[in-house]
Amino acid sequence: MIRVLLVHDASLVRSVLADWLRQEDDLRVYDTSWRAAPGRVASVRPDVCAVDLACSGTPGVPLLGELGRCATGGGGPRLLVLADAHRPGLLRKAREAGALGYVGKEGAPECLVEGIRRVAEGERFVDASLGSGFLEAAEMPLTRRELSVLSLAAGGASVAEIAGSLHLSHGTVRNYMAAITRKTGARNRVDAIRISQGRGWV
């Protein structure tokens, strides 16, 4: 029996998806929101965490990293993400967080079941529909830290708030924003955010 924890913030979508997965005889499915996920991981002790990246928001990014460290550190759940090929920035974050499986949200539902089973066995699983997203992720000019700064800025955080969240000095945050503006070919911070959102980086 494969123990699966489904992490999604939209309760209706989460419930429907969990009920559908429960039709599989070899899956024991639990579901939770992002906020409650750490406690549920501890109590359920799942083999696989299937998480929707698009609904995680900024608070979900560090949690994804936490789950990824569990997955790669042994003894914790393996990480499978539900993703969108048009959001290469999220695909890149998931890869850096140690995700083992990637299922496209526009693909066939059976692909999710296959992905869960493969990831539970310790195998890598990548939905073919996400190929273009991974290619774009590989070509992104921004570093991991620049993406973190940009994601917070896109959410409306000030320089001081970004510095506090990422434990950086104000000057370092400004340097990162200058590099982001240069690499995106933008005129200013607002233009850099607009360009990056249009390309699915944040």
Between [X] and [Y], does at least one N-O distance fall below 4.0 Å, as a salt bridge requires?
{"X": "D31", "Y": "R14", "answer": "yes"}
{"X": "R35", "Y": "D9", "answer": "no"}
{"X": "D47", "Y": "R78", "answer": "no"}
{"X": "R118", "Y": "E114", "answer": "yes"}

Please check this pair: side chain of [X] against backbone of [Y], looking for a donor-acceptor N/O pair closer than 3.5 Å.
{"X": "R40", "Y": "L5", "result": "no"}
{"X": "S15", "Y": "S11", "result": "yes"}
{"X": "N188", "Y": "D191", "result": "yes"}

Minimum heavy-atom separation for [X] to [Y], with atom names?
{"X": "M177", "Y": "R189", "result": "CE-CG, 3.4 Å"}
{"X": "K105", "Y": "D52", "result": "NZ-OD1, 3.1 Å"}
{"X": "A154", "Y": "Q197", "result": "CB-NE2, 3.8 Å"}
{"X": "C111", "Y": "D127", "result": "SG-OD2, 3.4 Å"}

Kindly compute the distance separating [atom1] ([X]) from [atom2] ([Y]), expressed to the nearest 0.5 Å.
{"X": "L147", "Y": "I180", "atom1": "CG", "atom2": "CD1", "value": "7.5 Å"}
{"X": "R187", "Y": "R194", "atom1": "CZ", "atom2": "CZ", "value": "6.0 Å"}
{"X": "E106", "Y": "S129", "atom1": "CD", "atom2": "OG", "value": "7.5 Å"}
{"X": "C49", "Y": "L79", "atom1": "SG", "atom2": "CG", "value": "7.0 Å"}

Kindly work out whether a path of hydrophobic side-chain contacts (I/L/V/M/F/W/Y, heavy atoms less than 4.5 Å apart) joins [X] to [Y].
{"X": "L166", "Y": "L150", "answer": "yes"}
{"X": "W34", "Y": "V81", "answer": "yes"}
{"X": "I195", "Y": "L152", "answer": "no"}

Q: Please examine the side chains of R28 and R22, heavy atoms only from C-beta on, and report whether any two atoms are closer than 4.5 Å.
A: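 No, too far: nothing below the 4.5 Å cut-off.
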
Q: Indicate yes or no: at least one non-hydrogen side-chain atom of W201 is less than 4.5 angstrom from one of P88.
A: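 Yes, their side chains come closer than 4.5 Å.
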
Q) With Y102, which residues qualify under ring-ring contact (aromatic ring centres under 6.0 Å, His included), at least two apart? A)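 With neighbours one apart ignored, the set is F134.
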
Q.
Within the 3.5 Å criterion, strictly below it, is a donor on S169 or T172 matched to an acceptor on the partner's side chain?
A. yes

Q: Determine, step by step, whether D26 and R117 satisfy the side chain to side chain contact (heavy atoms under 4.5 Å, CB included) criterion, reporting the C-alpha distance in whole Å, the side-chain angles of both residues, the deciding distance to 0.1 Å, and the verdict.
A: CA-CA 9 Å; D26 60 335; R117 290 174 177 149; 2.8 Å; yes

Q. According to the side-chain hydrogen bond (donor to acceptor under 3.5 Å, both in side chains) rule, which pairs have a member within residues 174-186, sequence neighbours left out?
A. E146-K183

Q | ILVMFWY cluster membership beyond L80 - transitive side-chain contacts under 4.5 angstrom | A | I2, V4, L6, L17, W20, L21, L27, V29, V48, L82, L100, V103, L112, V113, I116, V119, F125

